[in-house]
Amino acid sequence: MRGMGDTTAYLRRGIREIICLALFFFTFLTCEYLFDVRIAEFVPSSEVVIYESIVVGASVIGFFVRPFLYYRRPQTIDATSDITGVLLVSALLLMIMAVRFEVLIAGGLVACCALGYCGSTAHANLARRFAQTPCLARAVAVSYAAGILVQVLNHMVMPAGIPQKSVLIACAIALVGLLHGARRAKLRDEPASEFEIAELSVDASERGARWHDDPEAKAAFQGAVVRLTVATACLTGVFAALNAGLTTSHAAGAIDLGDWPRLLLVVSALAAGVLYDLRGRSYMNIIMTCAAMLSTLSFFVLITDGNGGNTLAATIIFYLGTGFFVVFFTAKFAAISMYARWAYLWPCMGRVINNVCSILVTAPAVAIVSSQNVLAAVSVVLVLFVGIAISLLGQFGQDGEGEATHGGLALATDDLGVSCEPGQADTVPLEAPELSFDDRLDGFVAAFGLTKRERDVLEALVVSDGSVQDVAAALFLSRSTLYRHIASINKKTGASSRVALINFFWSWTPQD
């Protein structure tokens with residue numbers, strides 16, 4: 001496990017991605033809160049959460065549109081992104097100023113759809129930066145905690161009304177601007193950017209064809225996706241039921257969800273990030289199962305006395321559990337995206353599943369909470385918890401080591417639920433046992449006609465777990481010079497990036 005200094009370095013290098021995701025979380029959650037407040041002016045408190053789930057569900061459209069354009073219509077991304085930014089700000093202003101029910105609904109739908117588009121980009125950028133590092137969950141946790149903290153400070157410090165809403169508009173503009181700037185930086189092809197982007201890519205070509213051409217590996221990926229989808233859906237059911245009860249109480253004025261309870265999200269998210277990253281994320285499933293168990297108990301607390309003091313206890317447990325849940329599904333889907341063919345799509349799939357399932361379960365949850373039907377509530381929540389336990393713990397303890405190394409990259413084997421030891425998930429051994437490292441290096445250099453300096457660069461790349469900057473410093477080279485050497489080696493070997501080069505080196509044999 002890496003030290004605190006390495007973690008700080010990782011987070012510092014990915015600060016732009018962390019800020020973008022934090023702005024998305026703040027804008028999305030504040031937009032949702034604003035909609036709740038405004039819609040309560042037009043409908044009974046019991047219907048607020050239903051309309052909220054429908055409007056938030058519109059974000060799924062944006063989450064899917066951005067990856068589709070990325071892979072199928074890349075030439076339209078710039079124009080679409082500019083239009084989306086304008087629509088987002090306009091829709092937020094429409095929500096703020098709406099005096100009719102239909103106008104408010106239209107503004108909420110457009111705003112959430114545009115936020116889904118921006119959120120897809122923010123999630124994918126963070127996955128590209130951190131999916132191959134040992135601090136993925138902490139990066140997600142810092143982003144989520146920062147977004148929540150800004151929301152809390154906005155409510156507590158800024159005067160109510162126009163000032164708070166101005167902060168929302170400003171953060172929405174900042175989110176669009178940062179994402180637009182990141183896109184422009186790629187298009188400008190600034191010095192060394194091409195190689196840096198390739199290095200951070202989590203596309204299937206970077207991970208090697210074995211994850212898609214090998215039936216066993218492909219089955220492992222598909223099984224992991226199914227288990228994670230079921231777990232996320234069941235967890236959403238539990239948390240949506242809690243959210244339905246608490247949102248109804250908030251709309252009725254029984255409890256305020258705008259200020260202090262959200263501080264619990266900050267604490268729980270940061271704690272989740274630290275705990276989830278232990279031993280290469282090997283304990284994520286069991287930790288999330290324990291948090292789900294507490295949340296299930298809090299739902300029982302809520303329905304036993306929906307109008308009494310037990311609402312406070314349910315609120316505390318709900319927010320503590322929600323922090324663990326958001327970091328869980330965001331980090332999990334970001335991690336498995338590095339095995340996917342459409343890697344840009346998968347980092348936001350946790351949010352997509354969460355929003356879709358919320359639409360499906362919100363109305364039944366409101367009915368159960370309103371009726372105080374304890375038997376129905378116990379039956380439904382127990383079924384959901386059994387689904388959570390089976391999907392999350394079904395593979396627990398079968399993996400042996402929680403972390404395996406692929407071509408110098410630390411991967412959490414628990415992300416796919418299978419062992420990544422040579423001869424199991426990988427059809428090509430990472431290092432042929434009959435070759436020592438020096439023999440392999442000498443043979444590789446001779447086979448592809450590498451120069452002495454290129455040999456030094458290659459050796460540093462395959463043995464170092466540091467960043468490109470660290471490798472350049474160790475070789476007393478500038479980053480641009482190191483990138484030129486990497487480009488030359490890639491050209492001679494046919495590799496597409498630094499990651500692909502490292503994978504090829506460890507799978508290479510003299511007869512190749």
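Treat the numbers as computed from the prediction; the structure is a model and nothing was measured. The residues of the chain are indexed from 1 along the displayed sequence.
When side chains are defined from C-beta on, F26 counts as touching V167, because their heavy atoms get closer than 4.5 Å. Using a 4.5 Å heavy-atom cutoff, the side chains of F35 and L109 are not in contact. Side-chain contact between F318 and L264: absent, with no pair of heavy atoms (C-beta onward) separated by less than 4.5 Å. Side-chain contact between E17 and C20 is absent, with no heavy-atom pair separated by less than 4.5 Å. By the 4.5 Å heavy-atom criterion applied to side chains, V225 and W346 are counted as neighbours. With contacts defined as side-chain heavy-atom distances shorter than 4.5 Å, the pair T232/F333 qualifies. Side-chain contact between Y51 and D36: absent, with no pair of heavy atoms (C-beta onward) separated by less than 4.5 Å. With contacts defined as side-chain heavy-atom distances shorter than 4.5 Å, the pair I286/L392 does not qualify.
Looking only at distances, no side-chain donor or acceptor of H180 sits under 3.5 Å from a matching main-chain atom of V176. Between the side chain of R138 and the main chain of D277, no donor-acceptor pair closer than 3.5 Å is present. Without hydrogens or angle criteria, Y344 side chain to S337 main chain gives no donor-acceptor distance under 3.5 Å. The closest donor-acceptor contact from the side chain of S90 to the backbone of L87 lies at 3.5 Å or more, if one exists at all. A donor-acceptor pair under 3.5 Å is absent between the side-chain atoms of S391 and the main chain of V230, judged by distance alone. A distance-only check finds a donor-acceptor pair linking the side chain of R38 to the backbone of M95 [under 3.5 Å].
Note: T76 OG1 to L69 CG = 4.0 Å, rounded to the nearest 0.5 Å. A distance of 10.5 Å separates CD1 of I96 from CD of Q164, quoted to the nearest 0.5 Å. Taken from SG in C234 to CD1 in I353, the straight-line distance is 11.0 Å, to the nearest 0.5 Å. Annotation: the span from L92 atom CG to T27 atom OG1 amounts to 7.5 Å, rounded to 0.5 Å. A distance of 7.5 Å separates CG in N154 from SG in C171, rounded to the nearest 0.5 Å. A distance of 5.5 Å separates CG of L29 from CD of Q151, quoted to the nearest 0.5 Å.
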Q) Would L263 and Y319 count as a side-chain contact (heavy atoms from CB on, under 4.5 Å) if you check the C-alpha gap in whole Å, the side-chain angles of each, and the deciding distance to 0.1 Å? A) CA-CA 9 Å; L263 291 174; Y319 278 105; over 6 Å; no
Q: Decide yes or no on side-chain hydrogen bond (donor to acceptor under 3.5 Å, both in side chains) for T121 and R66, but give the supporting numbers first.
A: CA-CA 7 Å; T121 307; R66 184 60 169 81; 3.0 Å; yes
(Q) Before you tell me yes or no, could you show the steps for L320 and L265 under side-chain contact (heavy atoms from CB on, under 4.5 Å), namely the whole-Å CA-CA distance, both residues' side-chain angles and the distance that decides it to 0.1 Å? (A) CA-CA 6 Å; L320 289 176; L265 283 174; over 6 Å; no
(Q) Determine whether T322 and Y144 satisfy the following criterion, side-chain contact (heavy atoms from CB on, under 4.5 Å), listing intermediate values before the conclusion. (A) CA-CA 11 Å; T322 298; Y144 187 66; 4.1 Å; yes
Q | Chi angles and distances behind the side-chain contact (heavy atoms from CB on, under 4.5 Å) call for L104, I39 | A | CA-CA 7 Å; L104 178 60; I39 200 66; 3.8 Å; yes
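Side-chain N/O atoms of Y117 and S81 include a donor and acceptor closer than 3.5 Å.
Pairing each heavy atom of A127 with each of P347, the nearest pair is CB-CG, 3.6 Å. In terms of heavy atoms, I18 sits closest to A139 at CG1-O, 4.3 Å. For the residue pair G273 and A141, the shortest heavy atom distance occurs at CA-CB, 3.7 Å. Looking at every heavy atom in both residues, S143 comes nearest to L126 through OG-CD1, 3.8 Å. Annotation for N355 and S59: closest pair ND2-OG, 2.7 Å, computed over non-hydrogen atoms. Closest heavy-atom contact between A172 and L88: CB-CD2, 4.0 Å.
The aromatic ring centroids of H155 and Y33 lie less than 6.0 Å from each other.
Screening residues 230-241 for salt bridge (Lys or Arg N to Asp or Glu O under 4.0 Å) gives no qualifying pairs among residues at least two apart or on separate chains. Residue pairs meeting the ring-ring contact (aromatic ring centres under 6.0 Å, His included) criterion with at least one partner in residues 222-241, sequence neighbours excluded, are F239-F325.
In this pair, F324 and Y276 present their aromatic rings perpendicular. The plane angle is above 60°, beyond the 30 to 60° band.
Judged by a 6.0 Å distance limit and a 45° cone about the ring axis, R351 is positioned over the six-membered ring of F28.
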